[in-house]
Structures are given as structure tokens and as C-alpha cells.
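Written out below as C-alpha cells is the structure these notes cover.
Remember, it's 1-based here, ligands and their atoms both numbered in the order they're listed.
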Amino acid sequence: MRLLKFKTDLKESDVTPKDIFVRRREFMAGSIALGVGVQSFASDEIKKDSSPKWMQDKLSISKGTTIKAEDQLTPYSDVTSHNNFYEFGTHKAAPKLKSENFKPFPWQVKISGHVEQAGTFDLEYLIKEMMIEERIYRLRCVEAWSMVIPWMGFSLASLIKKLQPTSKAKYIQFVTSDDKEQFPAIGDRFSNIDWPYREGLRMDEAMHDLSFMAIGLYGESLPAQNGAPLRLVVPWKYGFKSIKSIVEIRFVGEQPYTTWNAISSKEYGFYANVNPEVDHPRWSQATERRLPNGLFSANRVDTKMFNGYSEVASLYKGMDLKKFI
Ligand SMILES: Nc1nc2c(c(=O)[nH]1)N[C@H]1C(S)=C(S)[C@@H](COP(=O)(O)O)O[C@H]1N2
Ligand SMILES: [Mo]
């Protein structure tokens, strides 16, 4: 079953979070009228944004939608109830169900390593000068499902420029909070993850304009389950690179420790570029299940090289992407 093409009369430059909200309601109404995906839209209310005023003010001033996808947006209810966030548990429903007591504010981020502006900063201060924009990106999980999400945030490059890394910085490592009070599954004895969750990028990947720091989605601050209050989004890489709830950004000289690569490097490479020609050892990566499913069937689509973001190809010139997975 195919969903309606998303329709809007708004000019991109006019879009504010309020408009996004209205637009979403129109989109939902259209889908319901056609009897498409009714189940997933029924409870599709945006939870009232309980973030502090500074964050809501931040989200209310935006450049509008700067990057769009041709794809149908994944409804808010799916984006916020089908998640991978192992700090809350391994089940897809756990992040939403187990994050009710999670407190994303106040939040601090430590900046360390080969960088001029090292220190620990309040999130509000760290992102004060960042201009917010909306970007609609496909998110492709290594488990072969995918979504299309309207993120709010700013380019990672704009933050890096403010932080002024030195010439010794060749990679960036990102670290998630490992506060047991916040994340109930971190104490699980059977977890094979060496907390905190860590991810990383080569400096030129981090500086690519598509690399994004999200502080919101669907016009509101990030729900806990999606990585509140600050997460990375790298749309041409498998979802596990898009690390959530970041408390430290380290500028380093060597390829950093990254969580899934450390668990199984043959299954989860450091680069993790979406590549339909390189299968996971236990499943094909040629196609993906695009959420939401149809009422009676999975919505299967072909997986594209770099998740369709072919403009990043020049970052990997001369590299054998069957070897550097
Ligand atoms: N800290 C942390 N970040 C994480 C994960 C995680 O378990 N912990 N899961 C990753 C995986 S596997 C995916 S697919 C995406 C899912 O993002 P979403 O739940 O917002 O769709 O988050 C990534 N970021
Ligand atoms: Mo994933």
C-alpha cells in the first residue's frame, strides 16, 4: 500500500515550528481521510513540549526547511515509539516506555582534546549562536528498517568552527551520558555494551554540511527516546552512528573507540556508510522496511548507496568501501 505524497503550500522560507505543526495536522488528516495508516495516526499527538523557555525560544526562530526528502514523512508516533536506545533497554518500545523520568535539562557538554575552546558548557551557552534549521532526512538502521524524520538543529560544522579544533584533531569522538540514575538499562548485568555509548567521525566527515546536530524533531524539542537534548544525525551512515544524548565531544588524533565497532567489527564498521552492496553477515542490506508499515504488509524499498546522499562520495575517493565498511 502506498501512502499519500506529502503536500504543502508553504514556501520553505516561511516554515516555522508552528507551521510544521499545522502542516503535520493537515498531513495526518489527509491520510486519515483516505483510510491509510489510520492506526499509526490515531494517537499521533505531539506531546506538549516541556523543555525550558530558552529551548522553546531557540526552536521558534528557524531558517525553515533547508533540506527536504522526496520521501513521505514517517508519522510522529512511529518516530517516537520505535527506537533504538539501549540505555533504556533493547526492545524497540523500551526507550519511550522507560524514559518517563529522564531529565534532559539542565544539561552540560564537555569539549575536550585538541581544541581551543575546551571546557564544560551549559547546553544553552554552547548552542547560543547556532542558527536553527529544519532538515528532513532518511534514517537507515543497520537492522534494515528506515524512517524519514524532520529534525531541528544546526550543522555540526558550524559548531566545530566555533570550538576551533587544532591541526592535531583528525577525528571526533562523541560520548553519551552513562548516568545510571537517568538510564535504567545501564546497570543490566547481561548487557554486552561497555558504557558509555560512544561514536566517532573522521574530521572531514564531521565537517561535511550534511552532518547535523539535532535538538528537536517535528518542531519540538527532542523526546527523551530520540536522544534529548542533543544528538548527532549522520544521514548517509547506518543509524548507530547517530549517537544520542551527548555529554562529551572529544577532538582526537586517532580513530576513536566506537561502541558497535568494538562489539563486532565484522558486522559494524567504523565508517558504517549505508551500502546496499555490502550485506551484513547475517542479513541482506539491499532493501529496507520503511516505517510505517502498510496496514497489511511491510513497506519495502530499495536501499540506496549512501542512503541516497551521493554528494558524500568524494569523502571516500580511493577507498575500497567493501573493505572499509
Ligand atoms: N546513545 C545511544 N545512541 C544511539 C543508540 C543507542 O542505543 N544509544 N542507538 C542507535 C541506533 S542503532 C539507531 S538506529 C538510532 C535510532 O534513532 P531513533 O530512535 O531516533 O530513530 O540511534 C542510534 N543512537
Ligand atoms: Mo540502528
Side-chain angles (χ1 to χ4, degrees), residues 71 73-99 102 104 107 109 135-153 173-180 182-186 188 191-201 211-218 220-249 256-264 267-269 272-274 280 282-283 285 288-292 303 307:
D71 316 57
L73 287 182
T74 301
Y76 181 82
S77 57
D78 296 273
V79 171
T80 57
S81 65
H82 179 279
N83 300 99
N84 274 335
F85 201 165
Y86 280 25
E87 288 85 338
F88 289 117
T90 53
H91 194 272
K92 292 287 176 289
K96 182 179 180 184
L97 299 174
K98 304 283 187 183
S99 63
F102 179 81
W107 194 266
V109 182
R135 293 189 184 184
I136 300 174
Y137 278 162
R138 294 176 288 277
L139 179 106
R140 175 35 164 103
C141 176
V142 73
E143 299 162 336
W145 53 265
S146 62
M147 304 206 216
V148 184
I149 305 174
W151 301 106
M152 305 282 291
Q173 187 189 42
F174 300 86
V175 185
T176 298
S177 163
D178 63 351
D179 183 350
K180 284 197 182 88
Q182 291 264 57
F183 296 114
I186 280 191
D188 279 3
S191 167
N192 58 354
I193 294 182
D194 175 21
W195 308 106
Y197 193 100
R198 279 157 284 176
E199 256 309 332
L201 296 171
S211 294
F212 198 59
M213 296 298 282
I215 58 169
L217 58 82
Y218 271 111
E220 305 245 336
S221 69
L222 280 180
Q225 60 269 37
N226 295 91
L230 176 74
R231 68 160 313 161
L232 179 68
V233 184
V234 190
W236 72 92
K237 293 177 179 285
Y238 289 120
F240 65 84
K241 298 295 289 184
S242 293
I243 180 173
K244 297 174 169 181
S245 304
I246 294 168
V247 289
E248 186 169 354
I249 301 177
Y257 179 101
T258 57
T259 293
W260 283 100
N261 185 242
I263 291 169
S264 178
E267 298 177 68
Y268 312 104
N273 293 316
V274 174
H280 185 277
R282 290 179 279 128
W283 59 84
Q285 295 290 27
E288 64 205 52
R289 181 169 61 90
R290 175 64 55 85
L291 275 81
T303 291
N307 201 21

How far is [atom] from its nearest protein heavy atom, and which residue and atom name does that atom have?
atom	result
atom 20 (O) of ligand 1	Arg231 NH1, 2.7 Å
atom 5 (C) of ligand 1	Asn84 O, 3.5 Å
atom 8 (N) of ligand 1	Glu87 OE1, 2.8 Å
atom 7 (O) of ligand 1	Tyr86 N, 2.8 Å

Point to revise | Side chains of Tyr197 and Ser177 in contact at under 4.5 Å (non-hydrogen atoms) | key: no
**Study point:** Nearest neighbour of atom 2 (C) of ligand 1 from the list Trp195, Tyr238, Tyr268, Tyr197, on a heavy-atom basis
**Key:** Tyr197
Exercise for review: Can you figure out which of Cys141, Gly239, Gly227, Ala272 has its heavy atom closest to atom 23 (C) of ligand 1?
Suggested key: Gly239
Taking distance alone, with no angle check, do [X] and ligand 1 share an N/O pair under 3.5 Å?
X	value
His82	no
Lys244	yes
Trp260	no

**Study point:** Aromatic centroids of Tyr86 and Phe183 separated by under 6.0 Å
**Key:** no
Contacting atoms of ligand 1, where contact means under 4.0 angstrom from a heavy atom of [X]:
X	value
Thr176	1 (N)
Leu139	21 (O)
Asn226	18 (P), 20 (O)
Ser242	22 (O), 23 (C), 24 (N)

Point to revise | Any residue meeting side-chain contact (heavy atoms from CB on, under 4.5 Å) with Lys237, in chain and number order, not counting sequence neighbours | key: Leu201, Glu205, Val234, Lys241, Tyr271, Asn273, Tyr316
Review point. Between the main-chain N or O of Trp145 and the side-chain N or O of Arg290, is there a donor-acceptor pair closer than 3.5 Å?
Key: no
Point to revise | Asn261 side chain vs Tyr268 backbone, donor-acceptor pair below 3.5 Å | key: yes
**Study point:** Partners meeting side-chain hydrogen bond (donor to acceptor under 3.5 Å, both in side chains) with Trp195 (sequence neighbours left out)
**Key:** none
Revision key, fill the gap. Residues Ile186 and Asp178: closest non-hydrogen pair is CD1-CA, 3.5 Å
**Study point:** Nearest-0.5 Å distance that lies between atom CZ in Phe88 and atom CD in Gln225
**Key:** 8.0 Å
Point to revise | Residue Lys92 excluded, over 12 heavy atoms near NZ under 6.0 Å | key: yes
